[in-house]
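Computed from a prediction, not measured in an experiment: that's the story for all the values here. All ligand and atom numbering here is 1-based and tracks the order in the structure.
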Amino acid sequence: MAALAQMNGALWQDQARCDPHPPLREDLAVDVVVAGGGITGLTTALLCASDGRRVALLESERIGAGTSGASSAQVSVVPDAGYRALLSRVGASAGVTYLLRLSAALEFMDALIGAERLDCEWRRVPAYWFAADAAGWARLQDEHSAAQRLGQACRLTQDVPLPWPTSGALQFGQQAMFHPVQYLAGLARVARDRGVRLFEQTPVTGWEEDGDGIVVRTPAARVRGQALVLATHTPLGANVLQTEMQAMQSHILIVRTAAPLPPAIYWDTAEPYHYLRAVSDGGAAAVLIGGADHKTGQGGAPGRAHAALSAYARERFGDAVATRWWSAQLYVPADGLPYIGRSPLSHHVFVATGFAGVGLVQGSMAAMELAALLRGEQRESPWKATRMRAVAAPRVLSEGIDVARCWVGDRLAPAPRRGLDALGSGEGQLMQVDGHKRAVYRDEAGRLHVLSPVCPHLGCLVRWNGSARSWDCPCHGSRFAPTGEVLEGPALSGLERTASSAPYAGMAPVTSAAAAQQFDADKG
Ligand code: FES
């Protein structure tokens, strides 16, 4: 299978678009401000508007451009960490409550699609959690008994409709798959019809709370409201919840195959696991294969994930042709449950995060929970954002150690003393320039972009991601474009430009001496 040189974007985002909306240009007063135009934000906005609240939704880029639109489009209520882990971490009572709410969220999506006639290829399908070997099968037997204790309907089976032998599977009925961008486009239309004010290209840059509510800042205007919902995948800005989650990247490969995969969703017992579903790619039968997960900013050599997924595809589908490759971020919570509700240390800010690998259904569940909270319902729930579980402590501690290791270690690590002229077009690298460590990127036109490598979130140093062409922060998952703008994560601002790129335009190859001269001139 030929390797794709670089990621080329999510299938769903190329196949469909949401209607465009203007940026926010004038101050506004509403009841609820929602930041984020993915499944959580749009559903929350729709539900709040249906309750009669005035709602403004602010999306930093385009609606559907984030993780919901780049997901695997598998809607499953099976918890990411499995039933055994759920039971041991949160106990049977909280586990049952959580699973019931997840199922309710999936049925809510089903009902909404029917009621609003959302055209999004929604299809209820079975799911197979399959084993590749005897150890995997033993684990599934364990998971089956834990699932039964948690009241989940599933069964062990040897009958798995994959075109290669397995050691059996745990089978679930009535899961779903769909086209996520078509779904988001439909949600946005319904939300707009219910009165939600939708704004794109409108990042939230900060907020102030006072006794009366909250004022949310954006580049051109402010929005006053009673509540700000951060439906931004991870809370924006510094939030204690970031110490309780791991930011991960998962990779997705689309391969065209001779025969379609039977309609179902599939994932295996490997670590990290692989997930699969059938898709249509340009009218041809294709399979979506995901996996090769790693911590954000710690993915190793460019192309490593692609090579791993290609090898997996080649072994199972022979000479299938790879057509697409992209990655999506996820946040894995320390105790296995998402964080939904009022943000710690805040009165008017609400969060929904820690969805791990089941964000589509958890995002819908979060929206239902948040809408209930905002209409004043008092809810005791195991996923409230202010919880503290002793079972999470070892994972929080190990995450803290990893962040400290990155924060200190990356500062002490010497940047290569490679000349700027050795940097090829489309490449980025941390380099020693003018006696300082810099994040340097050369664009396709030969221009150099010289940035501070310090992540504006909490000060870790970013690392170059050669597959996605982005600067990724290994601490809490902020990601930046090669030219420094925020792509995702908690950072509220981009990487600082340390020198104008303009003087270097068209000067390739550029010498480090020339760059040093320019820095000296800039410093005056
Ligand atoms: Fe927290 Fe970069 S995302 S320091």
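None of Leu228, Val351, Thr205, Leu492 except one satisfies the side chain to side chain contact (heavy atoms under 4.5 Å, CB included) rule with Leu236; the exception is Leu492.
With respect to Glu399 and Lys295, a salt bridge is recorded, a charged nitrogen being found less than 4.0 Å from a carboxylate O.
Only protein atoms were considered; those of element N, O or S under 2.8 Å from atom 1 (Fe) of ligand 1 number 2.
When atom types are taken as modelled, the side chain of Gln242 and the backbone of Gly237 share a donor-acceptor pair closer than 3.5 angstrom. Remark: side-chain polar atoms of Arg224 are not paired, donor with acceptor, to backbone N or O of Val215 under 3.5 angstrom.
A pairwise comparison of heavy atoms in Pro344 and Thr386 identifies CA-CG2, 3.9 Å as the closest pair.
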Do Trp464 and Tyr441 pass the ring-ring contact (aromatic ring centres under 6.0 Å, His included) test, and can you show the C-alpha distance, the side-chain angles, and the key distance before you say yes or no?
CA-CA 9 Å; Trp464 178 245; Tyr441 169 70; 5.6 Å; yes
